[in-house]
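Below, all heavy atoms of this structure are taken into account, side chains as well, without hydrogens, waters or symmetry copies.
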Amino acid sequence: MSTDPSTLRPALLPPIVVLSAAIIFDQLFWEHDLALNLLLFVAMVVSFLLWRFGWKGLSVPARAALLGLVVTAVMSVVHHTPIALVATVLALPLFAALAHEPQLRSLVYAGPWSVSNFLLVPIGLSDQAGGLLRERRATRSGWRWGRAAFVPVLIVIVFFMLYRTGNPRFEHLTAGFLDGLWQVVADLMAELLTARVIFFLYALGVCAGLLYRFAPKAVLQWEQQWTDALLRRRVKRPHWLAPRAMDPLERERRAGIVLLVLANAMLLVVNIIDIGWVWFGFTVPEDFNLKQFVHEGTWTLIASILLSMVVVLHLFRGNQNFYWRNPLLKMLAFVWIVQNLVLGVSVFLRNWHYISFHGLAAKRIGVIVFLALVLVGLITLFLKLRHRRSFFYLLRVNAWALFIAVIMLTTVDWSGFITRVNLKHSNANEIDIDHYLELGDHVLPTLYANLERVEEQMERHSRNRVRWVRHLDPGSFRAQLDARRNRFLERHAARVWQEWNLADDRTYAALVKQGLVDPTTP
């Protein structure tokens with residue numbers, strides 16, 4: 001019998017592909033950390049989908065998602081940061097969804113499409129199995145009878161449980177039989193459903209959901225109801241009725257004008273204060289609570305910007321966008337958006353002043369990224385009002401902005417970047433020394449090479465009137481650093497090829513170069 005793929009029946013190819021992919025998935029990921037194995041799995045899935053659809057068969061959103069996926073997958077090996085690993089795991093099903101459904105335009109609907117595709121994998125695989133079994137005469141009858149008997153048996157079980165609950169004697173009569181039956185089933189499941197078998201079933205589901213389509217057209221149909229351009233919806237009234245008055249739109253317009261005039265006036269005062277206080281010549285006075293100024297103040301102002309966006313969206317919903325008397329309302333909305341952009345700059349400067357005083361940290365980077373996304377949201381809101389775009393337009397563009405931001409975050413080793421910035425920080429007495437020991441293992445060579453600088457920061461901090469870091473003893477800090485190095489070396493020695501990544505190798509090589517590791521020791 002020929003084994004040429006061209007001679008395989010179409011119904012036989014998907015199960016073979018899914019089974020082969022699941023075997024590879026099992027070998028790559030069973031009891032292994034994510035690293036090189038994730039890159040190899042992404043390469044396998046992408047290669048198969050490109051073989052099926054071709055580069056020209058991918059839509060523009062699918063191509064963009066693919067480029068982002070390639071970047072995150074490579075960075076998961078180069079930098080091996082948590083955000084790179086998480087971004088790769090999330091970007092892979094999004095790309096698969098856009099590849100299988102080329103008419104999808106947004107990540108907002110690609111996510112639900114992917115979820116529905118995975119949920120329907122069991123049904124799709126059972127249909128595939130049924131199609132294969134029906135082609136074989138020996139099993140056709142048994143498969144038909146098995147499917148026919150499934151629902152009656154299920155109904156009988158339901159009635160059996162109801163009768164047991166409602167009749168104590170029937171329950172007593174069947175208790176011994178039922179207990180024995182459950183024990184047999186439990187023993188059988190314990191033998192069959194081992195952890196490895198469950199993992200392999202999971203692998204089957206993941207591979208099937210990525211490589212083939214099982215989702216219905218419902219998600220695509222939901223997305224196709226929306227357009228980027230805002231459409232005016234006219235409600236036709238019978239010709240014998242008088243035209244509907246414009247009073248509701250006029251009342252909304254007047255209320256909106258009052259709201260935006262008052263809000264703009266209040267925000268103008270806030271912006272004038274911030275420009276004079278935060279933008280130019282900002283200093284930290286003695287006994288000033290910089291933490292409250294930045295942490296609570298920043299998130300409060302960000303919340304106000306988000307609330308402002310919600311208010312504008314509410315005011316310009318529906319036909320208010322087409323009302324001929326709304327130029328003043330629209331102008332006030334534009335002014336408010338611009339003022340919120342100014343407020344966003346002030347929030348950024350608050351965070352920047354905090355970094356200038358206390359150094360860098362992952363949360364402070366997160367604030368900057370989140371703030372950048374908020375500013376993108378304000379700009380797209382401005383474009384929505386000016387060009388009469390829909391709410392779907394806002395969701396679609398801002399979802400892609402979030403996707404791009406996450407992709408960009410994966411290209412930097414943030415732990416190393418934070419460490420280098422804080423070690424060179426001019427305000428040595430206010431650096432969070434404890435944070436050094438909370439960063440990833442890849443900063444170990446940098447910390448060892450700059451122990452004198454860390455000790456200087458400890459000594460400078462010990463002169464402060466208020467001491468808020470725990471590690472002020474160089475010996476204790478070095479002991480904890482050595483303990484982390486030893487744990488890293490144990491993990492590195494036990495690493496298998498699936499867990500290889502460039503970041504660990506660079507860390508190990510740097511430690512060897514510094515004389516902190518004996519390369520001849522296994």
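Of all heavy-atom pairs between L373 and A405, the closest is CD2-CB, 4.1 Å. Nearest heavy atom pair, residue V78 against residue R506, reads O-NH2, 3.0 Å. Pairing each heavy atom of A21 with each of L211, the nearest pair is CB-CD1, 3.7 Å.
Using modelled atom types, one finds a donor on one side chain and an acceptor on the other under 3.5 Å when comparing N398 with T380. Judged by distance alone, the side chains of Q339 and N264 do bring a donor and an acceptor atom under 3.5 Å apart. In the model, S346 has a side-chain atom that pairs as donor or acceptor with a side-chain atom of W279 under 3.5 Å.
Looking only at distances, a side-chain donor or acceptor of R364 sits under 3.5 Å from a matching main-chain atom of G359. A distance-only check finds a donor-acceptor pair linking the side chain of T88 to the backbone of T72 [under 3.5 Å]. Looking at H79, its side chain does come within 3.5 Å of a backbone N or O of T411 through a donor-acceptor pair. Without hydrogens or angle criteria, H358 side chain to H353 main chain gives no donor-acceptor distance under 3.5 Å. The closest donor-acceptor contact from the side chain of N117 to the backbone of G209 lies under 3.5 Å. With hydrogens and angles disregarded, a donor-acceptor distance shorter than 3.5 Å links the side chain of N37 to the backbone of A35. In this structure, W414 contributes its side chain and L409 its backbone to a donor-acceptor pair below 3.5 Å. Listed for the R63 side chain is a donor-acceptor partner under 3.5 Å among the backbone atoms of W55. Listed for the D26 side chain is no donor-acceptor partner under 3.5 Å among the backbone atoms of A22.
Counting heavy atoms from C-beta outward, R52 and Y212 have side chains that approach closer than 4.5 Å. Looking at heavy atoms from C-beta onward, L36 lies in side-chain contact with L39 at the 4.5 angstrom threshold. F95 is listed as a side-chain neighbour of L49, based on a closest heavy-atom distance under 4.5 Å. Counting heavy atoms from C-beta on, the side chains of L375 and N340 never come closer than 4.5 Å. Looking at W51 and S47, their side chains never come closer than 4.5 Å, going by heavy atoms from C-beta outward. Side chains of F214 and L119 form no contact here, defined as non-hydrogen atoms less than 4.5 Å apart. Residues L40 and M44 are not in side-chain contact: their nearest non-hydrogen atoms beyond the backbone lie 4.5 Å or more apart. Residues F118 and L210 have side chains in contact (heavy-atom distance under 4.5 Å, counting atoms from C-beta outward).
Judged as a side chain to side chain donor-acceptor pair (under 3.5 Å), and not counting sequence neighbours, S415 has no contacts. With sequence neighbours excluded, no residue satisfies ring-ring contact (aromatic ring centres under 6.0 Å, His included) with W497. For F53, the ring-ring contact (aromatic ring centres under 6.0 Å, His included) test picks out H100, with sequence neighbours left out. Judged as a salt bridge (Lys or Arg N to Asp or Glu O under 4.0 Å), and not counting sequence neighbours, the contacts of E223 are R105. For S114, there are no side chain to side chain donor-acceptor pair (under 3.5 Å) partners, not counting sequence neighbours.
Applying the side chain to side chain donor-acceptor pair (under 3.5 Å) test to every pair with at least one member in residues 436-455, sequence neighbours left out, gives these pairs: H435-E438, Y436-Q457, D441-R484, D441-R491, H442-D504, Y448-D482, R453-E456.
Atom-to-atom distance recorded for N427:CG and H461:NE2 is 11.0 Å, nearest 0.5 angstrom. In this structure, the separation between CG on L201 and CZ on R196 is 12.0 Å, given to the nearest 0.5 Å. Separation of atoms CG (L381) and NZ (K384) is listed at 7.5 Å; rounding is to 0.5 Å. For the atom pair L94 CG and L66 CG, the distance stands at 12.5 Å (nearest 0.5 Å). One finds the CH2 atom of W113 at 10.0 Å from the CG atom of L220 (value rounded to the nearest 0.5 Å). A distance of 8.5 Å separates CG of L107 from CG of L402, quoted to the nearest 0.5 Å.
Annotation for W222: atom CH2 does not count as buried by contact number, only 12 or fewer foreign heavy atoms lying within 6.0 Å. The environment of R386 atom CZ is sparse: at most 12 non-hydrogen atoms of other residues, nucleotides or ligands sit within 6.0 angstrom.
D473 has no carboxylate O lying under 4.0 Å from a charged side-chain N of R478, or vice versa, which leaves the two without a salt bridge.
F403 and W400 have perpendicular rings, their planes meeting at more than 60° on a 0 to 90° scale where under 30° would count as parallel.
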Chi angles and distances behind the side-chain contact (heavy atoms from CB on, under 4.5 Å) call for V342, I275: CA-CA 9 Å; V342 174; I275 290 174; 4.2 Å; yes
Derivation of the side-chain contact (heavy atoms from CB on, under 4.5 Å) call for L511 and Q514: CA-CA 5 Å; L511 292 174; Q514 292 173 345; 4.0 Å; yes
side-chain contact (heavy atoms from CB on, under 4.5 Å) evaluation trace for I337 with L385: CA-CA 10 Å; I337 291 173; L385 295 185; 3.9 Å; yes
Audit row: F392, S106, side-chain contact (heavy atoms from CB on, under 4.5 Å) steps and yes/no: CA-CA 9 Å; F392 171 75; S106 68; 3.9 Å; yes
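The aromatic ring centroids of F29 and Y202 lie 6.0 Å or more from each other.
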